Amino acid sequence: MNFEIHRYYQVDSTNVVAASFAKTGAPEGVVICAETQNGGHGRRQRVWNSPLGGLWFSMVLRPRINPRFAAQITLLTGVVVAKTLRRLYQTDKIRIKWPNDILLDDSKVAGILAEMQLDETGEIDYIIVGIGVDVAPDQREFNGALKDDIASLNFIMGKNFTCEEILAAILKDFSQVYPLWQIQGANVILPDWRTMNATLGNKIDVQDDDKIIFSGLAESITEEGGLVVRDIHGHAESFDFGEISIRRAT
Ligand code: BTN
């Protein structure tokens with residue numbers, strides 16, 4: 001697949017800009033990349049701080065798949081981002097927390113936000129996949145406030161990658177896995193996801209709007225990308241939404 005990268009100094013959110021491109025017919029592979037966002041957001045409209053020095057971009061995708069499997073795109077992107085960062089930073093400490101957090105040890109260093117639009121026939125019109133990577137965010141730049149809670153991959157790992165290099169590597173890896181996934185499905189990603197995940201085998205709380213709605217052992221991933229959790233009574237439920245928090249195993 002070919003990418004057509006549109007670069008901006010500042011936008012509200014690259015996901016929003018990419019969606020407006022997609023609505024007016026932009027083809028798959030259009031990428032919106034901004035040096036900083038003033039309305040960057042994560043899941044549940046949470047604020048996503050996007051100072052200079054971080055990598056903030058969104059891709060327009062038009063996968064030819066059953067919408068039922070669309071949630072897998074978050075897992076696929078997580079696998080691609082985690083593998084790319086592992087290779088570049090030469091570490092296997094980068095792991096994926098279901099569904100969309102990329103961790104370095106316990107610090108979140110990247111996040112993924114996929115937003116889907118169906119057409120009038122119920123088929124996928126487009127999916128916007130937004131990726132934020134804390135490459136080397138300027139800790140003092142954001143809205144004039146100190147943001148020393150944002151991790152910096154370069155700083156932690158003692159490397160000096162540019163956002164440009166990370167973007168090119170992620171897009172290259174994505175373009176290899178994405179076409180295969182459309183043909184072969186989840187099997188293309190799940191083995192790598194299982195190897196790199198930080199969720200399965202842990203006791204977790206599933207939260208909805210900050211309320212714990214289910215607790216148990218994270219057991220497996222469904223074909224649709226949902227997380228199967230089994231409670232202490234042996235009852236298993238699958239979740240395709242919600243936040244999870246991982247409890248220390250006892
Ligand atoms: C999350 O962890 O909840 C997802 C964070 C996704 C952030 C990226 S940065 C580029 C794109 N634009 C946004 O507004 N969000 C995504």
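Just so you know, ligand 1 is whichever comes first in the structure, and atom 1 is the first atom listed for that ligand. Just so it is clear, the model here is predicted, and its values are computed rather than measured. Just so it is clear, the values below take in all heavy atoms, side chains as well, and ignore hydrogens, waters and symmetry mates.
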Report whether V31 and M1 are members of the same hydrophobic cluster (ILVMFWY, side-chain heavy atoms less than 4.5 Å apart, transitive linking).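 Cluster IDs for V31 and M1 match.
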message: Tell me whether L227 shares a hydrophobic cluster with L217, the cluster being built from Ile, Leu, Val, Met, Phe, Trp, Tyr side chains joined at under 4.5 Å.
response: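 They do not share one cluster, since no chain of ILVMFWY contacts under 4.5 Å joins L227 to L217.
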Tell me, which protein residue and heavy-atom name are nearest [atom], and how many Å apart are they?
{"atom": "atom 3 (O) of ligand 1", "result": "R43 N, 2.9 Å"}
{"atom": "atom 1 (C) of ligand 1", "result": "N100 ND2, 3.4 Å"}
{"atom": "atom 15 (N) of ligand 1", "result": "H41 O, 2.7 Å"}
{"atom": "atom 12 (N) of ligand 1", "result": "Q37 OE1, 2.9 Å"}
{"atom": "atom 10 (C) of ligand 1", "result": "T14 OG1, 3.2 Å"}

Show the atoms of ligand 1 that are less than 4.0 angstrom away from any heavy atom in [X].
{"X": "G40", "result": "14 (O)"}
{"X": "G42", "result": "1 (C), 3 (O), 4 (C), 5 (C)"}
{"X": "N15", "result": "11 (C), 12 (N), 16 (C)"}
{"X": "S58", "result": "11 (C)"}
{"X": "F57", "result": "10 (C)"}
{"X": "I112", "result": "4 (C)"}
{"X": "G132", "result": "8 (C), 9 (S)"}
{"X": "G111", "result": "2 (O), 4 (C), 5 (C), 6 (C)"}

Counting only heavy atoms closer than 4.0 Å, does ligand 1 sit against the backbone of K108, its side chain, both, or neither?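 Near ligand 1, K108 shows its side chain, while the N, CA, C and O stay back.
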- Classify the contact between I131 and ligand 1 as side chain, backbone, both or neither, using a heavy-atom distance cut-off of under 4.0 Å.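 Looking at I131 and ligand 1, just backbone atoms fall under 4.0 Å.
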Just so I know, are the side chains of [X] and [Y] near enough to count as touching, which here means a heavy-atom distance under 4.5 Å?
{"X": "I213", "Y": "F239", "answer": "yes"}
{"X": "F69", "Y": "P63", "answer": "no"}
{"X": "F214", "Y": "I204", "answer": "no"}

Contact with ligand 1 for S50, non-hydrogen, under 4.0 angstrom =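 No, S50 has no heavy atoms under 4.0 Å from ligand 1.
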Q: Decide, yes or no, whether a salt bridge links E28 with R64 under the criterion of side-chain N to carboxylate O below 4.0 Å.
A: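 Between R64 and E28 there is no salt bridge, as every charged N stays at least 4.0 Å from the carboxylate O atoms.
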message = Less than 4.0 angstrom from a charged side-chain N to a carboxylate O is my criterion; do K83 and D192 meet it?
response =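 Between D192 and K83 there is a salt bridge, with a charged N closer than 4.0 Å to a carboxylate O.
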Check residues 16-24 and write down every donor-acceptor pair under 3.5 Å in which the side-chain atom is one partner and the other belongs to a residue at least two apart or another chain.
residue	atom	partner	partner atom	Å
S20	OG	V17	O	2.8
T24	OG1	S20	O	3.2
T24	OG1	F21	O	3.0

Exercise for review: Take atom NZ of K159 as the centre, draw a 6.0 Å sphere, and report whether it contains more than 12 heavy atoms from other residues, nucleotides or ligands.
Suggested key: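 Yes - once you tally the heavy atoms of other residues, nucleotides and ligands closer than 6.0 Å, there are more than 12.
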Heteroatom proximity flag, W48 to ligand 1, N/O under 3.5 Å:
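No: no nitrogen or oxygen of W48 is under 3.5 Å from one in ligand 1.
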W56 to ligand 1: N or O pair under 3.5 Å?
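No, W56 has no N/O under 3.5 Å of an N/O on ligand 1.
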Return the OG1 to CD1 distance between T84 and I166, rounded to the nearest 0.5 Å.
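One finds 8.5 Å between OG1 of T84 and CD1 of I166.
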- Item | Qualifying residue for salt bridge (charged side-chain N to carboxylate O under 4.0 Å, His left out) with E219, from R194, K203, R230 |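 Among R194, K203, R230, the one meeting salt bridge (charged side-chain N to carboxylate O under 4.0 Å, His left out) with E219 is R230.
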